Structures are given as structure tokens and as C-alpha cells.
K.L.:
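Here it is, the structure in full.
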Amino acid sequence: MILEAKSVSKRFGGLKAVNEVSLQVQEGEIFGLIGPNGAGKTTFLNCVAGDYRPDGGSIIFQGKNITGFRPDIICREGIARTYQIVRFFPKMTVLENVMVGVVFGSKKKVKFPERTAREYLDYVEFPVAHHVLAENLNTIQLKQLELARALSTDCRLLLLDEVAAGLTPAELNKITALIRKIRDDGRTIIIVEHLMRLIMNICDRIFVLNFGEKLSEGTPKEIMSCEMVTKAYLGETYMH
Amino acid sequence: MEMLQQSWDIIVTAILRGGLYALMAVGLSLVFGVMNIANFSHGEFYMIGSYFAFFGITEFKFGPLPSIIFAGLAAFAIGMIVERGVFNPLRQKSKKGWLMNTFLLTLGVSIIMQNGVRMIWGSRYRGVTQFWPGRTKIFTSMEIANDRLVAFIIAMITITLLWYFLTYTRTGRAIRAVSQDETGASLMGIDLNWIHTLTFALSCMLAAIAGASLLSINPAFPTMGVNPLYKSWFVLILVGMGNIWGSIYGGLIVGLLETISIYRFGAGWQDVISLIIIILILLVKPSGLFAKKGVKSVLE
Amino acid sequence: MKRLVTSLGKVFGPLTKLGIRPQIAVLFFALLFVPLFVRDEFTLRLLITSLMFGGLAMAFDFTAGFINIVNFGFAAFMGLGAYSSGLSVLKLGLSPWLGLIFAALLVGIVGFGLGVLTIRLGGIFAACMAWFVALALMAVTANWVDLTKGNSGLSVPPLFVTIRNMPYYYTILAIVILVYILLAVISSSKIGLAFRAIGQDVVAAASSGVFATKYKIINFTISCCLAGLLGGFYAHFVGVLTPQVLHTRNTVEIMVISYVGGRGTIWGGLVAALLLVPAMDYLKGLLELRLIMYGAAMILIMIFYPRGLAGLWTSGADYLKRKGVLPDTSTVSVSKGKTGQNL
Amino acid sequence: MLEIRQLDVSYGYLQVIWGVSLKINEGEVVAILGTNGAGKTTLLKTVMGLLTASQGTITFLGEEITNLPTFKLIKRGLSFVSEERNLFPAMTVFENLILGAYTVRDKKKINDALEYVFTLFPRLAERKNQLAGTMSGGERQMLAIARGLMHGPRMLILDEPSMGLSPMNVEAVFETITRLRSGQTTIVIVEQNVNTTLRIADRAYVLEQGRIVLEGTSAELRSNDQVREMYLGIC
Amino acid sequence: GRGASKPDDGRKIVKIGVQGPFTGPASRVGDEFKAAIQMAFDEIGNKIGDYEVQFVWIDCESDAEKAARAYEQAIVRDKIDVGFNTWHSWVSVALMDIAAKYKMPHFLSFGATEIVNQKYKSDPEKYKYWVGKTWPTPSLLSIAYVEAVNEAIEAGLWNPPNRNVAVYGVDNDWGRDFGNSVARQFEDAGWTVVTREWVALGETEFYPLLNKLQQLGASVVVGSMSDPPSVSSFIKQSREVGLKSLIISDGLGWVGEWYELTGDASNYVLDQIPQWTTPAARKFKDDFAAKFGFEPGASTAGLMYDSARFMIKIMQETLKEHGALTQENFAKIAEKVRTGQLTFKDGIIMKEYKYTNDTFPDPVVGEEYYIFPVIQYMNGQGRIIWPSSWKDEDIVIPDFLKQ
Ligand SMILES: Nc1ncnc2c1ncn2[C@@H]1O[C@H](COP(=O)(O)OP(=O)(O)OP(=O)(O)O)[C@@H](O)[C@H]1O
Ligand SMILES: Nc1ncnc2c1ncn2[C@@H]1O[C@H](COP(=O)(O)OP(=O)(O)OP(=O)(O)O)[C@@H](O)[C@H]1O
Ligand SMILES: [Mg+2]
Ligand SMILES: [Mg+2]
């Protein structure tokens with residue numbers, strides 16, 4: 001078990017965005033987190049990554065309680081993430097963007113950050129020259145860049161928030177393969193996604209959130225056949 | 001008894017002072033909220049408001065109130081010209097680094113206006129001794145000059161009118177829409193250029209009204225805008241951006257802080273005291289007393 | 001031409017690695033020899049002032065151009081340096097040289113505090129916080145008459161016994177070279193990478209492991225420390241201090257220089273100072289008209305060339321590279337490359 | 001109704017749209033498909049005057065509208081629901097809708113329009129006084145579409161209306177489009193959700209790297225091998 | 001550029017470098033200075049003997065560094081032969097070093113506070129090129145108020161309820177120096193100082209301060225502010241608040257338009273300011289207003305006019321004694337100015353401008369030399385009430401101050 005959340009809660013004013021959520025993620029699995037818009041998926045990721053401090057509960061990562069740690073510390077502990085709305089350094093080159101992760105993101109001291117950064121860019125098959133300013137990239141390129149930066153922190157656990165949103169099926173296939181490759185290279189992944197095709201395809205286990213609370217948990221098959229999930233999330237007429 | 005009397009004095013003084021700070025701050029806030037411009041030439045419109053009121057009275061022989069209105073309208077016109085001549089061209093060219101670029105533009109406008117006025121009208125002081133002679137008794141013992149009272153009332157009426165305009169009229173709603181989402185607003189059929197020009201001109205008008213209604217207290221001279229500018233920034237930062245009613249409280253708070261520190265620590269320290277308190281407040285509430293997180297608008 | 005540049009590139013290669021631009025190295029070299037040719041005391045004084053403003057603009061840019069916080073109270077920190085250096089000489093009996101160092105340290109500490117204060121604030125709020133601290137400092141300087149003599153002004157002993165400008169010239173040149181090298185080296189190091197990262201997206205920086213607070217504080221401390229040092233020089237060069245030194249007017253002046261020079265470049269501010277300060281001096285006879293022109297120039301530059309002189313240089317160099325006049329040596333080019341469009 | 005001829009658009013040096021021509025007839029639902037970054041949004045924004053065309057012409061109802069400012073296009077009966085929604089977060093649902101009718105001066109027409117969108121989206125009527133910024137993603141999308149209908153547009157342009165929505169909400173959005181279509185509004189829709197889109201569209205264009213590479217009726221496209229491979233993910 | 005040196009065509013030119021705040025926050029003063037100097041030199045056809053006078057206007061912008069730089073430029077580039085005038089004390093201090101460096105005699109500067117005296121006294125030999133202050137250290141003048149008030153009380157014109165005095169002032173070198181010295185002088189004369197209040201430069205809101213003063217109930221409220229908006233606001237608001245004290249507002253009349261700003265609120269207020277008393281003075285005032293379109297202030301334009309004419313005299317004397325207007329010769333004549341051998345008696349404001357070794361760099365203060373009469377304002381007119389030998393009228397005590 002790499003990550004354990006014990007009744008994690010986060011409130012915004014009166015709104016319980018995440019309410020007593022407990023879950024466990026096993027080492028080396030792809031863990032899907034789904035739920036309707038506003039269910040609290042992003043908020044939960046934010047709690048894990050340290051962007052929000054949970055109001056209650058605890059988060060254990062590799063046996064260490066990291067609840068309420070600063071995001072940069074959590075990053076160096078080995079949890080990296082991408083954002084639903086891509087975040088990057090617009091006035092830096094592609095290479096420098098990744099170097100930030102290489103230099104500051106891990107506890108290990110990297111001897112040749114530039115070379116390492118290039119390796120990660122190649123790893124995600126980044127299609128654009130490395131000296132281009134990030135502000136000139138398009139959405140999919142930015143998503144790849146963000147992925148490379150997240151990986152470059154040498155993380156054990158990767159949190160992906162809607163990486164596939166807005167991709168065409170062909171692009172989807174590529175990203176699916178990439179996610180698999182990342183997992184096969186020994187990293188654990190939590191993925192938040194609305195695209196059922198992707199989720200059902202690659203997840204080992206799926207966790208469904210609704211109104212900040214756990215609705216269901218299980219293998220993709222179990223989830224698909226779960227009536228509650230169909231009702232709250234997929235919709236009656238959902239068809240693949 | 002004396003304590004009580006003194007507290008009343010402090011409060012009344014603070015209110016009178018704060019009302020005009022609020023009027024200045026509202027204009028600043030409007031431009032910041034709608035156009036995302038941190039305007040450092042706001043004080044210069046206060047200054048030309050003063051000048052126009054002076055000319056209204058001495059040259060055109062208007063009465064006090066018409067002079068103030070005249071000053072407001074004249075500043076409105078100048079504001080339109082400045083917006084069209086300075087900010088509009090930049091907007092058409094590029095919106096990169098907008099906040100800082102426009103900030104420098106406002107500094108340029110401020111320098112030009114200060115020195116331009118000095119070139120045209122010289123640096124002599126132009127003032128009138130009184131608008132509305134006489135004093136009014138407030139409470140049992142305190143008397144206040146009518147000028148000051150009327151200036152305060154004008155400020156409050158202006159702010160209320162502005163609030164009504166923004167809340168209930170079609171154009172007002174358009175201004176608020178632009179402040180929240182420019183692209184969205186243009187997709188509603190709102191002419192952004194016109195709204196920007198209007199907003200800037202309105203803000204200039206508010207500053208000019210403040211300057212004009214204080215003419216009998218503050219004679220007009222080229223560098224007079226600096227102090228009110230600072231004070232309105234204090235208010236704006238204290239209450240947070242984009243909050244008209246907040247600006248009134250903010251004006252009163254800054255007024256009160258200054259008044260109290262004058263009483264308690266002597267006049268020179270007023271800035272130190274009120275700044276330290278504003279800094280402390282900001283440490284606790286980093287985006288201002290009344291700001292709502294993540295929501296940018298001119299009116300809550 | 002191309003070969004010349006290439007061989008120059010070899011000479012400056014190691015420097016470039018540290019982020020020190022060859023053209024600036026050439027400029028410093030030229031400045032070293034200026035007094036051999038210019039024996040005119042006034043020109044030297046003008047150069048001293050220009051260099052001083054250049055140094056200030058670089059230190060200002062270090063914060064504004066990198067971590068993207070405009071220290072709108074910058075002049076006050078320079079003024080604080082001036083007063084602390086002056087007072088340490090007058091009250092503690094330090095030598096003016098020690099005074100300079102004392103000022104740098106003290107203002108560095110204050111900058112540290114400012115960094116702590118502005119940690120939670122972003123954008124315009126951080127700028128205003130710095131400004132408010134500065135206004136408060138200025139008011140204290142004016143009111144703490146027992147210590148500072150307030151608005152009457154404080155006489156400060158000079159750095160040198162001689163009254164010639166030459167020693168001051170070399171002192172400020174040394175300081176400015178030091179400042180430039182320090183800032184260039186830092187900003188091209190890992191720390192500089194962190195500065196730019198938090199300047200562009202704090203959240204992304206944090207999730208990449210950058211502890212923004214730490215770097216913000218480091219940045220403020222360094223920038224203020226240098227402002228203090230230059231302030232100390234100001235004090236002993238001019239010989240008299242009033243609280244007006246801390247005035248926002250001066251911040252605006254420094255800011256304009258740094259912006260005209262080009263944001264986030266360090267060297268832009270220095271070059272801009274060497275052009276703007278003499279230009280403004282030359283136009284002195286125009287009185288208000290000069291300031292009106294100054295304002296108008298500011299507006300025109302911001303509208304038509306917001307990237308400043310450095311931007312002009314870069315696009316010029318890019319143009320030459322495209323024409324093949326200059327070799328394309330840069331590994332990290334700022335030019336807009338053609339982006340691949342698809343996977 | 002809308003005709004685009006030989007349109008070129010660039011961001012700075014970077015040209016994104018290359019000689020695009022297309023034609024949309026009254027009453028049609030036309031889909032524009034394309035990979036990420038193909039330039040769909042760019043194309044729509046240029047039509048709406050949010051970006052400037054460097055070459056080519058756009059005509060609407062027989063009049064040239066190339067590079068007219070956006071607000072004038074709204075007055076002529078175009079409406080655009082953007083990818084980013086562009087709602088006014090600090091205003092209520094009601095105020096958002098009223099602003100949708102900014103170009104309409106007639107009170108009665110506004111009220112009629114309000115009634116119409118409230119029958120389309122009963123949810124909005126319930127939430128009339130909620131701030132738009134506090135609504136969920138699906139509700140926001142409904143509001144954006146409703147707002148786009150408030151001035152009674154002759155043509156509605158939708159940019160990825162289902163992006164980021166849960167499957168249930170996606171369903172709801174497509175249902176709305178079908179209903180609008182029966183209401184005689186011409187619709188242009190850009191979507192990634194190719195499958196569903198082709199089900200409701202009459203015709204479609206395929207945009208690739210800023211060029212139109214295919215066009216035809218939905219049925220034609222659905223049976224086209226290239227489309228099947230690229231967009232439907234059927235290999 | 002202006003870097004031209006002297007023409008070789010035989011024309012003789014003397015270049016005089018005039019320091020002043022010609023732009024910046026104090027430019028109002030600079031305007032008056034410039035105008036008054038031009039008046040004085042126009043009267044002599046801009047000629048000293050066969051020398052044509054050329055001015056180099058050196059703008060200090062109210063900033064020590066800029067002033068010093070401009071001064072060095074004037075010396076090195078414009079090759080001025082002599083320096084003249086300043087306004088701020090801190091500018092004086094910065095320029096003293098430059099003057100010493102180039103041995104440039106610099107005559108008659110306004111910068112008046114103690115800091116200038118201290119710098120001079122720290123090394124009189126080095127700073128001997130800094131020749132004379134146009135305005136004495138404030139404390140030398142303010143004693144007149146104490147004497148005027150005490151004389152009125154002794155003469156039975158006024159029976160104040162107490163011997164308390166409240167001191168206020170603008171928070172700068174001028175205001176504080178004045179306030180503190182007048183406070184000391186009142187204390188020496190047996191009065192009690194109940195408060196000292198400093199206000200920010202440019203402040204125009206005095207309700208809190210005035211209410212405080214009113215509650216303290218001092219018989220005399222004395223102070224100085226240097227900027228007209230503050231002064232006029234203070235006076236007007238003191239009436240609005242109903243302050244029941246005799247107000248001494250040093251410097252109210254510094255700008256010509258003071259009465260337009262304060263109106264009758266200035267009635268009964270005491271000030272110490274030179275008046276346009278002599279016919280020559282009144283003529284100057286009228287000529288000035290006609291020529292430049294604004295009212296001159298007696299203590300700025302008026303004093304400057306005297307100062308400029310003293311300067312003319314110095315130049316004429318230099319020419320007469322040494323035959324040429326050169327920097328060295330001006331330096332020689334400086335000795336005579338400093339020791340009182342060369343004085344100026346034809347001023348429109350003061351009886352005699354004179355320095356002695358004892359007073360230097362201050363001018364000799366006294367009824368026959370340099371003194372500001374104490375005046376009381378009534379309906380826009382200032383009437384001299386002290387010294388008795390100059391007196392127009394007795395002090396008038398308003399009803400609200402009578403017991
Ligand atoms: N900073 C915040 N302040 C106030 N409310 C918030 C904040 N962040 C999120 N919320 C609210 O918390 C709830 C959960 O939001 P969250 O972003 O976690 O949803 P989500 O599951 O990621 O939805 P989506 O699929 O649309 O991205 C929503 O109702 C949202 O409005
Ligand atoms: N503001 C911009 N500056 C520079 N290039 C841009 C800008 N916006 C978009 N582009 C580029 O233009 C191209 C087309 O972008 P556009 O957003 O139109 O694509 P799209 O088809 O709508 O893609 P998506 O499916 O992601 O919405 C992309 O390569 C993108 O990188
Ligand atoms: Mg989310
Ligand atoms: Mg798009």
C-alpha cells in the first residue's frame with residue numbers, strides 16, 4: 001500500500017467538498033477516481049498533493065503521515081501531479097520547465113539536470129524543440145510538458161487530473177499507452193477522468209465520489225454494473 | 001464627559017475625512033475592477049477637478065454646486081480623451097503584461113498632467129474662501145463648517161448614484177459584466193471600447209468631484225493630487241479590490257486611524273500608525289477586509 | 001564579422017555560461033577606461049549617477065523581473081541604506097566603508113522582513129505592501145528627529161578625503177560590476193530557475209518542489225541588500241540626506257529605468273540608466289516640458305515597445321542571426337520558434 | 001447563411017488557419033471536427049471577431065462581416081458559446097441571462113426569451129438567484145447556452161459544449177441541441193465527442209492542421225475510413 | 001547644448017549661476033525667484049560696467065543629489081563665474097562641498113536652518129566660499145513674537161486668561177526649527193508650552209488638531225507652515241472650530257494670494273513678515289504683478305529682489321575694485337561681504353543686509369538691520385504692531401479673547 005487516506009475532509013464555507021473519504025491505493029496500480037462534476041475529485045487530489053490542508057483525517061504516504069505538509073515537501077516525498085487546467089511557466093523554455101522539476105522536485109541531487117530533463121522529455125515523446133518558450137505550445141503539448149515535469153521529480157505516485165480531456169481518440173490511444181508505460185516503469189498512478197473509455201480501459205480499481213462522499217469502489221466491471229453509479233454519474237442512457 | 005466629547009469629535013472628523021477618501025477610492029476601484037488598471041494618475045484628476053471648479057466659480061461665475069458639476073463633466077471629458085489616447089491604443093496592440101504596462105502608462109499620464117497644468121496655469125494657488133458660509137451644529141457642542149458637511153454629502157450622494165447606476169441600469173450591468181469577463185461581455189454584444197472609455201471617464205469624474213467639492217478647503221495647485229491618491233490606495237488595498245460599499249467603510253477606517261493617531265501620537269505619526277495597522281490587517285486578510293476570494297468584480 | 005563574433009564568443013564563453021553577457025563585459029571594459037579620456041568632472045559625476053541608477057535598476061529588476069513582485073517601495077530601502085550608513089558613521093564611529101557594509105547588511109535584514117511580510121500576498125497586494133512599508137519608513141525617518149534630524153537633513157561624511165569625482169567613479173563602477181555579476185550569476189543558477197518559476201506560476205512551482213517562500217525571501221533579501229549598499233554609496237557621495245530620498249518618486253524613476261531597459265534581463269536596467277540619466281540631464285533646460293516629454297516617452301515606449309531596450313537588442317540579434325551575420329550560439333534562445341503542431 | 005472564403009489566421013508569426021472555406025445554410029446543424037490544436041476554436045473566434053483574419057472574407061446573411069468587432073456581430077444575430085463559457089461569476093443566473101439580451105431593447109421580447117430558456121432548462125429557473133460562479137460544471141454549461149439564446153440569435157455557434165462534463169450532463173447538452181434544432185436555429189458545433197455529434201449533425205467539416213481536409217454529410221463521414229480511424233477510434 | 005564658453009569677439013560676459021527650485025514640488029518659489037531676479041537685473045540693463053550678465057538657471061528640483069550635479073555642470077560646462085542663491089537648506093549643504101571643490105564663491109543663499117551653520121562652522125576655511133545666508137536661522141527672528149505679545153500684555157492691551165502657549169508646525173526643517181525655538185523663547189519669558197504638534201507637509205485637514213488645541217485652551221497658538229494650502233486651511237478651520245486663542249501663523253503671508261485663500265478668517269492673526277511698507281516696495285509689488293501676472297510675496301519675491309540687488313552691488317564692487325569679473329575676484333570680494341565691509345542698505349524689505357565675523361553665516365539681526373516686523377492681519381491688510389518704532393497700530397484683541 002503506497003497511499004492511504006483516512007476519513008479525509010475538506011470544507012469550503014458551508015460546502016463539504018470532500019467528506020470523510022477513506023481509500024487505499026496499492027503500489028503499482030492505476031487507480032481511477034471518478035464522479036460527477038463538482039464531486040470533489042480535484043479537491044481530494046489537492047489535499048493529497050498539499051495544495052489544500054485537509055480539515056480532518058489523515059493521509060499516509062509510504063507509511064509516513066504527510067497530512068498538511070507543504071506541496072513542495074510532498075513533491076519531494078514522491079508525489080507529483082498535473083492540473084486540470086494546465087499549469088506551466090510560460091516565459092521559460094520547454095527544457096527549463098522540466099528542469100525546475102528535476103532540480104527542485106526530488107530529494108536526490110541530480111548531477112546533470114539538463115540531460116536528465118531531456119531524458120524525461122524524450123520519455124513522454126515530446127514533439128517540439130526543447131528551446132521553444134512554453135507560451136507558444138498548444139494544449140496537448142502543454143499537457144505532455146506538464147506530464148514530463150511531474151515525472152521529472154522522480155515521483156513514486158503520480159496524480160493525473162483530467163489529462164485526457166479534449167483529446168481525440170487517436171491522441172487518447174497514445175496517452176493511454178504512455179500512462180501504461182509510466183505504470184510499468186514502477187510508478188503508481190491516481191487518475192481523475194470523465195472519459196469512461198479511458199478509465200475502464202486502464203484502471204485496475206475505480207473509486208466513485210459523489211457530493212464529496214464515497215459512492216462505490218471496485219474494479220471497472222463492478223463499477224459499470226453498479227446501479228448507484230449509473231444513476232448518479234453515467235446517466236440512464238449511458239452507452240459505450 | 002470630556003472623553004465622550006473627544007470620541008465624538010474623533011468620529012465626526014473621521015467620517016468627514018473618510019467620505020472623500022471613499023469617493024476617491026471608489027473611482028480607483030472601478031478602474032481597477034473593470035479595466036485592470038492600477039491607476040496612479042487618479043490624484044491628477046482630483047487636481048484638475050479642483051482647477052475646473054475654481055474656473056467655474058471665478059471665470060464663468062457659476063455657483064458652487066454648478067461649478068462642482070462642471071468640474072465633474074470636464075474631467076469626464078478629459079478622462080475619455082486620456083482613455084482613448086493612451087490605454088485604448090495599448091489594448092489594441094497587446095494585452096501582455098497589461099497590469100504593469102498600464103501602471104507605467106498611468107505614471108506617464110500623471111507626470112504629463114502635473115507638469116502640463118503647471119505650464120499652463122503656473123504653480124500659484126487658486127482657491128476660494130468659502131462655498132457655503134456658516135457652520136452647522138452637530139450634537140450639542142460640535143460645530144462643523146457647511147463646506148465640509150456639504151462635501152461629505154456630495155460624496156455620499158455620488159457614491160449612491162454610482163451604486164444605483166451599476167446595479168440597476170443596463171449600462172451599469174454591462175460595466176460589471178466587463179469587469180468579470182471581457183470576452184463574455186463582448187459576446188453579449190457589449191462594445192468593450194465604449195465601456196472602457198466610459199468607466200475610465202466615470203472614475204475621473206468621481207475624483208474630480210472630490211477635488212472640486214474640497215476647493216474651499218484645498219486651493220488648487222499642480223501637485224495637490226499626491227496625498228489623496230495615496231489615501232485612496234490605502235483604502236483600496238485595505239478593503240480589497242472591487243467593492244464599492246467596502247470603500248466607504250475603508251474610507252472611514254482610514255479616516256479614523258488617522259484621526260486617532262493624530263490625537264494619541266501627534267500629527268507627524270499619522271501615516272506611520274495607519275500604515276502599520278493597514279499592514280497588520282493585510283497580514284491577517286491578505287486580499288483585503290471585504291474581498292471575496294476568487295471573485296473579481298466591481299460590485300458585490 | 002561572423003568570425004570575429006565567434007572568436008569573441010570563445011573568449012566570453014565561460015562568462016556566458018554564468019549568464020554574463022559579452023556585450024556587458026565589453027561595456028564594463030569600456031567604462032573602466034572612460035576616465036582616461038574624460039577628464040571633465042561633470043561628465044564623471046553624470047556617469048556616477050547613471051551607474052548608481054543602473055545598479056539600483058538592476059537590483060529592482062531582480063525582484064520585479066524574476067519573481068514578478070514589484071517592490072514599489074524600493075527607493076525607501078535604498079534610502080534606509082543611505083541613512084543607516086550615514087548614521088553608523090556618525091553615531092557608531094564606523095568608517096564610511098564599513099558603513100556601506102553595515103547598510104547592506106541592515107537593509108538586507110529589513111528585506112528579509114519584507115519578504116516574510118509579503119509571503120502570502122500576490123501581485124498588486126505585494127507591491128502595495130512593500131509600498132506601505134516604505135511610506136512608513138519614510139514617515140519614521142521624517143519624524144524620528146532625534147536620530148535622523150528629520151526633514152532638516154543629515155550631513156554625512158564623504159567616502160574620500162579628496163573632492164575629485166574619480167575615486168567615486170571607480171567605487172561605483174566596482175559596486176555596479178559586483179552587483180551585475182552577483183545578479184547574473186544568481187539568476188542563471190538553480191536559484192534563478194526557482195525565482196523565475198515562482199514568478200510565473202507559484203502553484204506549479206510548488207508542485208514541482210520549489211519552496212516559494214524561501215526563494216521569495218532570498219530574493220528580497222538580496223535585492224534589498226544591494227539597494228542598501230547603493231544607498232550607502234549615495235549617502236557618502238552626496239553628503240546630505242533628507243527623508244525625500246525615500247520618496248516614491250525615486251522608486252518610479254528606478255522603475256522606469258528598469259522597465260525601459262527590459263524586464264527580467266538584469267543588464268537592461270544598466271544600459272537604460274546609462275542612456276536615460278544623461279538624456280534627462282541634457283534636456284534640463286526645458287523645465288516642465290522635459291518632464292512632459294519624459295511622461296510621453298514613457299507612454300510611447302509602453303505602448304509600442306513594452307519589452308524595452310533588451311527586447312530591441314534581442315530582436316536585433318535574432319534578425320542578424322536569421323540573416324546569418326551572427327552565429328546562432330545560444331542554446332536557450334528566446335526567439336519564437338516554430339512549434340510543431342501535432343503529436 | 002454563413003460563408004467563409006479562403007480564410008487565413010495567425011497568432012503572431014504562427015499561422016494556424018490556412019485557406020479555409022466553408023458554407024452553412026439556414027436551419028442546418030453543422031459540425032466541425034478536428035484533432036486537438038487543429039484550429040477549430042481559432043476558426044470560430046475569427047468568425048466572431050475575437051481574432052483578426054489576415055486573409056479571406058466572411059459573409060453572414062449576404063453581408064461581409066470580416067474583422068467586425070464582436071458586439072456588432074451579436075447585433076446581427078450571431079451567438080457564440082465559447083469553450084471557456086465566459087460567464088459572469090459574480091452575477092446571478094438571472095443577471096447573466098439579462099445580459100444575454102443586452103442588444104434587445106424591447107422588455108417584452110426579453111421576457112419571452114427568458115420564458116423560453118427557462119422551459120428549455122427548468123434547472124435555471126430554480127437557480128435564478130444563485131451566483132453563476134457557484135454553479136457546477138454542468139449547470140454552467142446550460143447557463144452559457146441559455147445565455148447565448150437570449151437575444152434570439154439566428155445562428156448559434158457552440159465550441160465543445162460537452163467538454164469536462166460528466167456523461168449524464170453530456171447527454172443533457174446534446175438533448176438540448178436536438179431541441180434547438182427543431183426550433184429553427186442554425187447551429188454550428190465543434191466537438192471532440194465525434195460519435196454523438198455526428199448523430200445529431202446534418203453535415204460536418206474535418207479540419208486538420210488548419211486546413212479543411214474532408215467535408216460531407218454525417219452519414220458519409222461516419223462511413224469514411226479515415227474518420228473512423230482518427231476520431232471514432234475504430235481500427 | 002549650453003556648453004558654450006565665452007565669445008572671443010571682445011564682448012565681456014559674466015555668467016552668474018542661480019540656484020533655485022525651478023521645477024519640482026517647490027517650483028512656485030522658483031518662479032518668484034526667477035521673476036524677482038529678472039526685475040532687479042533688468043533695471044540695470046543686465047549690465048555690470050561693460051559686462052553683459054548671463055544667467056545660468058540651475059534647477060535643484062528640491063533634491064540634493066540633482067542640485068549638486070546641476071551645480072557641478074554649471075561650473076564645469078557652463079563655466080559660471082559666480083554662484084548665487086539656494087532655497088532648501090539641504091541643497092545648501094550639498095552645494096557647499098562643490099563650491100569648496102571649485103573655489104566657487106557662492107553668495108546669498110536662502111537655505112537657513114542650523115544644519116548650514118553647523119556645516120560652515122565645521123571647517124570655516126574650507127567653506128569660506130559659501131558666502132552668507134539671505135535668511136537668518138529662524139530662532140533669531142521668532143523672538144519678536146514673544147516680545148510683541150509680552151509688550152501688549154504689559155501695556156494692558158490684553159489680559160490673557162493664562163500664560164499657556166501651544167506650538168504647532170509643519171513637519172520639516174523649517175517648521176520644527178521655528179516651533180522649537182519659539183517654544184523655548186516663550187518658556188524663557190515665563191510661559192508654559194502645553195503641546196507641540198507637527199503636521200505632515202501638505203496636510204489640509206486640521207479639525208482633530210484644532211479641536212485638541214481648543215480643549216487645551218492656550219492663550220496663544222504659535223507655529224509655522226511653509227505651504228499655503230496648509231496655512232490657509234489651518235486659519236480657516238481655526239475659525240470654523242472656534243479656536244479661542246491668539247493665533248500666530250508665521251508665514252501666512254508668504255504667498256501673495258494668501259487673502260484670496262483665507263478670507264476674513266485671517267483677521268487678528270499675527271505674522272512676522274516683511275511688508276510692502278516703503279513706496280519703493282509698493283512700486284515693486286505693482287510692477288511685479290503687472291509684469292508677471294501674479295502677486296509677489298514679500299518674503300520670497302521681495303527678499304529675493306533685495307538679495308539680487310545686493311548681488312548686483314557685490315558685482316559692481318568687484319568690478320570697481322579688481323577690474324574684472326572673474327571667479328578669483330569674486331572670491332576676494334567675498335571677504336568684504338563676510339566681514340561687513342560691504343553691506344546693502346537700499347533694500348525694499350530690510351534696512352540693512354550685513355554680515356559680521358560674529359554672526360556669519362547669518363546676517364546681523366536687529367531693528368536697524370534685518371528684522372521682520374510683527375504684523376496683525378485685518379481684512380486682508382497687514383498692520384505692523386511691533387517693533388514700536390515701526391508700529392502702524394496697537395494689537396487688536398478680538399472679543400472672544402477678552403476676559
Ligand atoms: N477554492 C474553492 N473555494 C470554494 N469552493 C470550492 C473551491 N474549490 C472547489 N470548490 C467547490 O468544491 C466542490 C468540489 O470541487 P472539485 O473541483 O473538487 O470538483 P471535481 O470533482 O474536480 O469536478 P470536475 O469534474 O468538474 O472537475 C465544487 O462544488 C466546487 O465548487
Ligand atoms: N493565443 C495563442 N497564441 C499562439 N498560438 C495559439 C494561441 N491559441 C491557440 N494557438 C495555437 O493555434 C492552434 C489551433 O488552436 P485552437 O485552439 O484553435 O485548436 P482547437 O482545434 O480548438 O483545439 P482544442 O481541441 O484543443 O480546443 C494550436 O496549435 C495552438 O497551439
Ligand atoms: Mg476537477
Ligand atoms: Mg478548441
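A note on names: the letters A, B, ... follow the listed sequences, proteins ahead of strands, and every chain is numbered from 1. The shown structure was predicted, so the numbers you read here are calculated from the model rather than taken from an experiment. Reckoned from all heavy atoms, side chains included, excluding hydrogens, waters and symmetry mates.
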K.L.:
Between OG1 of B:T183 and CZ of D:F80, what distance do you get to the nearest 0.5 Å?
P.N.:
9.5 Å
K.L.:
Measuring from atom CG of D:N96 to atom CE of B:M188, what distance do you get when rounded to the nearest 0.5 angstrom?
P.N.:
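Going from CG on D:N96 over to CE on B:M188, the span is 8.0 Å.
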K.L.:
D:L99 versus chain B, heavy atoms under 4.5 Å apart: side chain, backbone, both or neither?
P.N.:
both
K.L.:
side-chain contact (heavy atoms from CB on, under 4.5 Å) for D:F88 and B:D181? Distances and angles first, verdict last.
P.N.:
CA-CA 6 Å; D:F88 307 120; B:D181 193 316; 3.9 Å; yes
K.L.:
Determine the minimum heavy-atom distance between D:M91 and B:R173, stating which atoms define it.
P.N.:
CE-O, 3.7 Å
K.L.:
May I ask you to test the B:D191-D:P69 pair for a side-chain heavy-atom distance under 4.5 Å?
P.N.:
no
K.L.:
Let me know if D:L87 has heavy atoms under 4.5 Å from chain B in its side chain, its backbone, both or neither.
P.N.:
backbone
K.L.:
Between D:T103, D:I98, D:N86, who has the most heavy-atom pairs with chain B when the cutoff is under 4.5 Å?
P.N.:
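Heavy-atom pair counts peak at D:N86.
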K.L.:
Name the residue from D:L73, D:L78, D:V81, D:T70 that meets the side-chain contact (heavy atoms from CB on, under 4.5 Å) definition with B:L187.
P.N.:
D:T70
K.L.:
So for atom CZ, which belongs to D:R181, do other residues, nucleotides or ligands contribute more than 12 heavy atoms lying within a distance under 6.0 Å?
P.N.:
yes
K.L.:
Tell me the closest heavy-atom pair linking B:S186 and D:I74, and the distance in Å.
P.N.:
O-CG1, 3.6 Å
K.L.:
Select one option (side chain, backbone, both, neither) describing which atoms of D:R105 are under 4.5 Å from chain B's heavy atoms.
P.N.:
side chain
K.L.:
Under a 4.5 Å heavy-atom cut-off, does chain B meet the side chain of D:M48, its backbone, both or neither?
P.N.:
side chain
K.L.:
Please indicate whether B:Y249 has more than 12 foreign heavy atoms, meaning atoms of other residues, nucleotides or ligands, lying under 6.0 Å from its OH.
P.N.:
no
